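The structure appears below as structure tokens.
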Number of protein chains: 2
Amino acid sequence: MADRPYHHGRLRAALLAEAERTLREGGAEALSLRDLARQAGVSHAAPRRHFADRQALLDALAEAGFVRLGEEVGAAIDDAGEDWEERLRAAAAAYVRFATQDAALMELMFAAKNAAGRSAALREASVPLFTAVGDLIGQAQQAGALPRGDPWRLRLLLVATLQGIATLVTSGRVPAGQTDALIADAVVLFTRS
Amino acid sequence: MADRPYHHGRLRAALLAEAERTLREGGAEALSLRDLARQAGVSHAAPRRHFADRQALLDALAEAGFVRLGEEVGAAIDDAGEDWEERLRAAAAAYVRFATQDAALMELMFAAKNAAGRSAALREASVPLFTAVGDLIGQAQQAGALPRGDPWRLRLLLVATLQGIATLVTSGRVPAGQTDALIADAVVLFTRS
DNA sequence: ACCTGAACACCGTTCAAGT
DNA sequence: ACCTGAACACCGTTCAAGT
């Protein structure tokens, strides 16, 4: 690292990787472009080439977060057995686990200032997540494990419930060790309605 | 304001009031202690007497937010008719309305860094909200409008659902005009399970 | 195409000193 | 008890200049 070349080569990726770590350890407020540049061994103005401003970096983090959340929830569903209630529980557990391990990232992903049409990229990045949950619901309905009804609205309601549980857990309002019980309650709520 | 006395007199209250306004208009990131001091006509070091640091001000805002949310949800329940489903819907609508109008404040209230036992005052401030929801659930259960089961767990699940809906709405993931339908769906989910 | 270095206008926080 | 003013160490952002 003493004789680093003038061009970093992977500065954007390096900044993002380091930012994810800082975000996990100290929250979004601990993220400083100057500090990231320092840790990448680059001048404080160098990140500007890759991120127009600090918000652009946060946007990129949120975007990557949605992609990974979609992957993890999808994988959890696939890895679960064939029982629909079990699959729903696996999806919910994966969602809450992600939120617990990356609480600050989750806050970025659902920040109000990133609302609606603010970022087409962010909306697009969250498609796999919503698709995975939507597919699960549609199939569970066909199998008779979930009540009929507009699958779109049911999908939105399920994601809302998972997101709410995640928020209560990460904000410390669910007693330790009660998380799984709360998730199980939520799944029962949907399957028995 | 030209000949303001040396002692402001109500500096703490003035800072909080102005901070609430800034929070609503520009989010937590727009909150600057120096700027608040300026708007109060006081030196930049004066707020220190009332708030140990910036985080202490944010904590106080979150605390006041929980008190007000508890009041508004409680009032909505009281103002609703005697029908339990209608009362649940009124509580949910009040919760989401609060979150919509004060999205940045809501984020402060449920921030992960304010977790668990971090602030006894914050926990205490949220008691009326949880009590109002808990009482509603207990009474609806006794009236047969909600299924039996541990009311504590049901209370947590209901708050989680409301919080999740609020987050999806403020983060722009619920299509405009679909909010009421989502709230109605949530209430049906609880009453028919 | 990518990065540097200096400059600007802001912060939060601290602390001796004033009223 | 409450507030001021100067000081310190940080920021994000901009821009001419370097490679």
Side-chain angles (χ1 to χ4, degrees), chain A residues 1-23 25-63 104 107-108 111 113-114 118-119, chain B residues 1-23 25-63 104 107-108 111 113-114 118-119:
Chain A
M1 66 173 83
D3 43 4
R4 189 184 290 280
Y6 188 84
H7 286 76
H8 184 287
R10 295 173 186 169
L11 183 54
R12 194 190 139 95
L15 290 172
L16 280 176
E18 189 56 40
E20 275 184 40
R21 216 174 62 90
T22 306
L23 187 60
E25 294 175 358
E29 293 175 6
L31 268 181
S32 144
L33 285 179
R34 288 180 104 109
D35 195 44
L36 289 174
R38 230 161 343 204
Q39 294 186 252
V42 105
S43 90
H44 68 263
R48 190 74 210 290
R49 283 288 134 191
H50 305 280
F51 303 101
D53 53 22
R54 202 182 105 103
Q55 187 56 50
L57 173 71
L58 299 182
D59 288 349
L61 288 171
E63 206 179 309
E107 286 174 11
L108 279 186
K113 68 177 170 217
N114 300 350
R118 218 189 70 78
S119 162
Chain B
M1 64 174 83
D3 44 2
R4 190 185 289 282
Y6 188 83
H7 286 75
H8 184 286
R10 295 172 187 170
L11 183 54
R12 193 190 140 95
L15 291 171
L16 280 176
E18 189 56 41
E20 274 184 42
R21 216 174 64 90
T22 306
L23 187 61
E25 292 174 1
E29 292 174 7
L31 267 182
S32 144
L33 285 179
R34 287 180 104 108
D35 196 44
L36 290 174
R38 230 163 341 209
Q39 294 187 251
V42 106
S43 90
H44 67 263
R48 193 72 211 293
R49 282 288 135 191
H50 304 281
F51 302 102
D53 53 23
R54 200 182 108 102
Q55 187 57 50
L57 173 71
L58 299 183
D59 288 349
L61 287 171
E63 206 180 309
E107 286 175 10
L108 279 188
K113 68 177 170 216
N114 299 351
R118 218 188 70 78
S119 163

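Worth saying up front: this structure is predicted, and the values here are computed from it rather than measured. In what follows, every heavy atom counts, from backbone to side chain, and hydrogens, waters and symmetry copies are set aside. Numbered from 1 within each chain, the chains take letters A, B, ... in sequence-line order.
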The criterion is side-chain hydrogen bond (donor to acceptor under 3.5 Å, both in side chains); which residues satisfy it with R38(B), sequence neighbours excluded? none
Please report the shortest heavy-atom distance between A60(B) and L16(B), naming the atom on each side. CB-CD2, 3.9 Å
For A37(A), all residues meeting side chain to side chain contact (heavy atoms under 4.5 Å, CB included), sequence neighbours excluded: V42(A), P47(A)
Could you give the CG-to-C1' distance, from L15(B) to dC3(D), as a whole number of Å? 12 Å
What are the two closest heavy atoms between A14(B) and H8(B), and how far apart are they? CB-CE1, 3.8 Å
For E20(B), the side-chain hydrogen bond (donor to acceptor under 3.5 Å, both in side chains) test, sequence neighbours excluded, returns none
Using whole Å, report how far CZ of R49(B) lies from C1' of dG18(C). 13 Å
Given pairs defined as Watson-Crick or G-U wobble with both distances under 3.5 Å, what dot-bracket annotation applies to DNA chain D, with ( ) intrastrand, [ ] crossing, | other strand and . unpaired? ||.|||||...|||||.||
Going 5' to 3' through nucleotides 7-15 of chain D and flagging B where a protein heavy-atom sits under 4.0 Å of the base, S where only the sugar-phosphate is that close, and - otherwise, we get B---SBBBB
Sorted by chain and residue number, the side chain to side chain contact (heavy atoms under 4.5 Å, CB included) partners of H44(B) (sequence neighbours excluded) come out as R34(B)
With sequence neighbours excluded, tell me which residues meet side-chain hydrogen bond (donor to acceptor under 3.5 Å, both in side chains) with E18(B). R21(B), Q39(B)
Check side chain to side chain contact (heavy atoms under 4.5 Å, CB included) between A104(A) and all other residues, then give those that pass, not counting sequence neighbours. L23(A)
